[in-house]
Amino acid sequence: MNYSIEKVATLVGACRYGNVETNISFLLTDSRSLCFPEETLFFALKSERNDGYHYIPELYSRGVRNFVVEAIPENWDMLYPQSNFLEVSKTIEALQRLATCHRAEFHVPVIGITGSNGKTVVKEWLYQLLSPNKVVTRSPRSYNSQIGVPLSVWLLNEQTEVGVFEAGISERGEMKALREIIQPTIGVFTSLGEAHQENFASLEEKCMEKLCLFRDTNAIVYPLDEELVVRCIKTLNYKNTILGWSKKDSNATLFVKEIKKAELTTTITYVWQQGKEASYTIPFIDDASVENSITSAIICLHLGVEVKTLAERMPQLEPVAMRLEVKEGQHGCTLINDSYNSDFNSLDIALDFMNRRPDHKGRKRTLILSDIFQSGEDEKTLYQRVAFLAEKRGVEKFIGIGEGLIRQRKAFNKFGKKYFFATVGSFISSEAFRELRDEVILLKGARQFGFDQLTELLVNKVHETVLEVNLNAVVANLNWYRSLMKPETKLVCMIKADAYGAGSVEIAKTLQDHRVDYLAVAVADEGVTLRKNGITSNIMIMNPEMSSFKTLFDFDLEPEVYSFRILDALVKAAEKEGITGFPVHIKLDTGMHRLGFDPISDIDELINRLKHQNAIIPRSVFSHFVGSDSDGFDDFSAQQFALFDAGSKKLQAAFSHKILRHIDNSAGIEHFPSRQLDMCRLGLGLYGINPRTNERINTISTLKTTILQLRNVPSGDTVGYSRKGTIQHDSVIAAIPIGYADGLNRHLGNRHGYCLVGGQKAAYVGNICMDVAMIDVTGIDCKEGDSVEIFGEHLPVTVLSDILDTIPYEILTNISNRVKRIYFQD
């Protein structure tokens, strides 16, 4: 659907500047995701840290002509001819108002889902269960925020027969806006948990906020066995249809009579509306999936899906892989695996992700796509849109799998290289498969096509031990610290030591995409690696070596300067190259006594030498707190800051240009907010550990391996080298492919430490070997090939560091490069 710019202006109550007639089909809030500039309306959203207004010149140069702003640019008619500016009081409210008006055009069932857990799974399962005979429009991935919801609702179109949208809140007062946008006819409450509890005084307060979504619905679905939810709903005095489910109350709309679990499936026997007994089977056995299936079943039955049809479709439910994975592939390829589903909107998100990943290796971008089902469009129109989207998003090579794509192959004629196959198997046996070399490949296919075969064959199988890195958690940690900082304060993100073991290139790409001000590494070679992988952000080198000066200049890497010796040598090297004004970062020693100029005795001579040359220029001046993570060092920290404040101010006074001052690290950002100055340095906090409390923020890294072999070992026998692991009783011992060469500390052996198998503790038995460790899995239901968590979401890395009497840094940075890194985005 599209709207004339005149209609949009009327709907959002804007004052329009410009008279260019155009139609709007796409809404944009992030300049990095631009794809169809001619039909795009950009909302210049404001936040504490950013203002979309700043991206108008760039977007105009890229073809955007329609903007929603809070202030009209000066000389707009001269700077931006042939454009339209819609002036509003608040751009975020205008975005929400437009989506609200768009939603009002549709008179179809719209399901609004809220709750602490299960929202996305229920949404996706409803899509799977309803889409065989209904055109379902749903939120892409987890677009459930104040910005994500209006963008989701905007996707409603003439073909839509059912809408399914998530609504997520983290603060009081947020649900009212989401309710007005979604206007649900059916409200769904999945469960109540602790997520985002920090902004609510109680669980009850959070529950009531979520229930605001249901005020005008015709029906609500919720679990009758959650007493707090039931109590809160009663206070609403809700008059319309209540669709409660229960395992205890036989009077519930859906009474769960029996849950019977087999090895790989669960059968749920239920009574619907106190009528006949029925059942269905799902291909999952975990409790969360069981409950999500029950919620989905109620909605389907309420919408008229027959009991028999429901029983036929439930066994076909597919797991919801709510993450987009980046893996190292064979033959120089990078794989972006998104076998989450195959539909136009999720394809756009995945292509945007691939297109925004800088790649300076000259590798072509390749899309491997399966047929798209239940789109509501005729086949020809659908694949014309797909081809146009892929071309706009920078795809150079297209591989289509499925009969529909074969029939519509002419739509992809603009691609220089294009191949079509009926099945994954025929592609695998083709020359086109064998020719995949040095490419960035997006795998986007419906599960029934068997794209997991492609992943298995294309991924670089280095090691069964992997480090999974959650890029969303990196961003969440970044934003958490940004929320503690003054909006004007800049941020340096530390990615030295291969980003604390997480992999500097991928972390740098994510941080650059979220516009951090500086990246910092230890040595020049680390900076070169980033530059060669497409990182254009400012990069600070914390420990420059004399031999690296030419490299610094060639790759635009900004060194720390901490002594007169390195200062003089750097000036001489720059002058030899004919360089002037090369930025450097001056380090002052205020008490660490590691590196740096003395802020009292050295500062005058430092200023003198800097003033009598023009090869380098101080970009920043900084120092290190010795103990900002401990209240016990506060007096010493105050002395440090006084020294730094005096020395840095004296340096600034000697120069007319702005010199950034920074001393706060991760702990200091939180502990000393008044000392944030011009810039802060974020290290361990970025990687999910609060250095003040040693508690987790958002876990970014999970070290996993698998069980290689299970062995019954009788009492009295020993396990491992030097016979250190004596077995006290008949035991089951598992061998796992991880050892001290992978970074598993030997001191965890001999039952000093443990890992998790099936969520249960499994102690390390005997000495940890170079490549293998043995664990005691006696009494744990497991088999060969099962996953083992060394540390991660369920076993914090701080547990290991406490056992070893060390710091989390050591655990994280010791993970060997032979351990394969897998990156994913929810």
Side-chain angles (χ1 to χ4, degrees), residues 120 124-125 127-128 131-132 136 138 140-141 283 316-327 329-330 333-355 357 364-377 379 382-391 393-409 411-412 415 417-430 432-436 439-459 822-826:
T120 301
E124 289 301 320
W125 282 359
Y127 172 77
Q128 293 178 31
S131 60
V136 180
R138 68 202 192 283
R141 293 196 174 269
Q316 309 305 315
L317 285 178
E318 296 175 350
V320 178
M322 293 177 289
R323 53 194 236 176
L324 191 154
E325 292 183 335
V326 181
K327 299 182 177 181
Q330 297 187 34
C333 292
T334 294
L335 303 182
I336 302 175
N337 183 28
D338 189 22
S339 298
Y340 171 69
N341 46 46
S342 185
D343 64 274
F344 188 84
N345 293 323
S346 67
L347 173 63
D348 188 21
I349 292 171
L351 286 171
D352 180 39
F353 177 80
M354 178 169 71
N355 193 43
R357 289 173 50 80
K364 66 175 69 71
R365 290 187 172 94
T366 298
L367 170 61
I368 303 178
L369 179 72
S370 78
D371 279 352
I372 296 175
F373 301 126
Q374 289 94 35
S375 70
E377 295 181 87
E379 198 175 78
L382 170 64
Y383 290 119
Q384 285 176 342
R385 291 179 68 212
V386 167
F388 188 53
L389 175 67
E391 181 191 0
R393 290 292 190 202
V395 172
E396 300 159 90
K397 179 178 177 181
F398 181 84
I399 298 170
I401 297 177
E403 299 291 347
L405 281 162
I406 291 174
R407 287 191 294 269
Q408 301 302 327
R409 62 194 305 157
F412 299 87
F415 292 92
K417 287 194 173 184
K418 53 191 180 296
Y419 306 91
F420 298 88
F421 303 91
T423 65
V424 164
S426 58
F427 170 48
I428 290 171
S429 61
S430 72
F433 181 80
R434 290 187 288 275
E435 286 178 350
L436 292 173
E439 301 170 43
V440 180
I441 302 171
L442 172 61
L443 294 165
K444 191 80 175 85
R447 286 185 189 277
Q448 56 263 51
F449 282 88
F451 266 44
D452 53 337
Q453 299 175 59
L454 287 177
T455 307
E456 181 68 19
L457 290 171
L458 291 173
V459 72
I822 294 177
Y823 302 89
F824 64 91
Q825 177 174 291
D826 294 336

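The two residues L367 and A390 make their nearest non-hydrogen contact at CD2-CB, 4.2 Å. A pairwise comparison of heavy atoms in G404 and E379 identifies CA-OE2, 3.6 Å as the closest pair. In this structure, A411 and A387 approach most closely via the heavy-atom pair O-CB, 3.2 Å. Nearest heavy atoms, V395 versus M354: CG2-CE, 3.9 Å. The heavy-atom pair separating F415 from K397 by the smallest distance is CD2-N, 4.4 Å.
Residue L389 holds its CG atom at 4.5 Å from CZ of F344, rounded to the nearest 0.5 Å. Atom-to-atom distance recorded for D348:CG and F353:CZ is 14.0 Å, nearest 0.5 angstrom. Atoms NZ and CD1, from K418 and I399 in turn, are 12.5 Å apart once rounded to the nearest 0.5 Å. With rounding to the nearest 0.5 angstrom, the CD atom of E325 is 10.5 Å from the CG atom of L443. Atom CD of Q384 sits about 9.5 Å away from atom CZ of F412, to the nearest 0.5 Å. To the nearest 0.5 Å, atoms SG (C333) and NZ (K364) are separated by 8.5 Å.
With a 4.5 Å cut-off on side-chain heavy atoms, D338 and F824 do not count as touching. The closest side-chain heavy-atom distance from I368 to L442 is not below 4.5 Å. A 4.5 Å side-chain heavy-atom check between L458 and L436 finds at least one atom pair inside the cut-off. Looking at L405 and F398, their side chains come closer than 4.5 Å, going by heavy atoms from C-beta outward. Between F433 and L454 there is a side-chain heavy-atom pair separated by less than 4.5 Å. Using a 4.5 Å cut-off on side-chain heavy atoms (C-beta onward), V386 and L347 make contact. Between K327 and T455 the shortest side-chain heavy-atom distance falls below 4.5 Å. At a threshold of 4.5 Å between non-hydrogen side-chain atoms, the residues T423 and F449 do not count as touching.
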Open item on the list: Let's go through S346 and K444 carefully: what are the C-alpha distance in whole Å and the side-chain angles of both, what is the deciding distance for side chain to side chain donor-acceptor pair (under 3.5 Å) to 0.1 Å, and is it a yes or a no?
Closed with: CA-CA 9 Å; S346 67; K444 191 80 175 85; 3.0 Å; yes
TODO: Just do the side-chain contact (heavy atoms from CB on, under 4.5 Å) check on Q330 and V459 with the steps written out, would you?
DONE: CA-CA 6 Å; Q330 297 187 34; V459 72; 5.9 Å; no
- [ ] May I have the step-by-step check of side-chain contact (heavy atoms from CB on, under 4.5 Å) for Y383 and D371, ending in yes or no?
- [x] CA-CA 9 Å; Y383 290 119; D371 279 352; 3.6 Å; yes
- [ ] Kindly determine whether I441 and T334 satisfy side-chain contact (heavy atoms from CB on, under 4.5 Å), including the steps that lead there.
- [x] CA-CA 6 Å; I441 302 171; T334 294; over 6 Å; no
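Within the 3.5 Å criterion, the main-chain N or O of I401 finds no donor-acceptor partner in the side chain of Y419. Checking side-chain atoms of R434 against main-chain N and O of S429 turns up a donor-acceptor pair under 3.5 Å. Proximity of a side-chain donor or acceptor of Q128 to a complementary backbone N or O of E318 within less than 3.5 Å is detected. No donor-acceptor pair closer than 3.5 Å links the side chain of N345 to the backbone N or O of P140. W125 places no side-chain N or O within donor-acceptor distance of the main-chain N or O of T120, the cut-off being under 3.5 Å.
E396 has no carboxylate O lying under 4.0 Å from a charged side-chain N of K417, or vice versa, which leaves the two without a salt bridge. Comment: E439 does not engage R365 in a salt bridge, judged by the lack of any side-chain N to carboxylate O separation of less than 4.0 angstrom.
Ring planes of F427 and F421: tilted class, angle from 30 to 60°.
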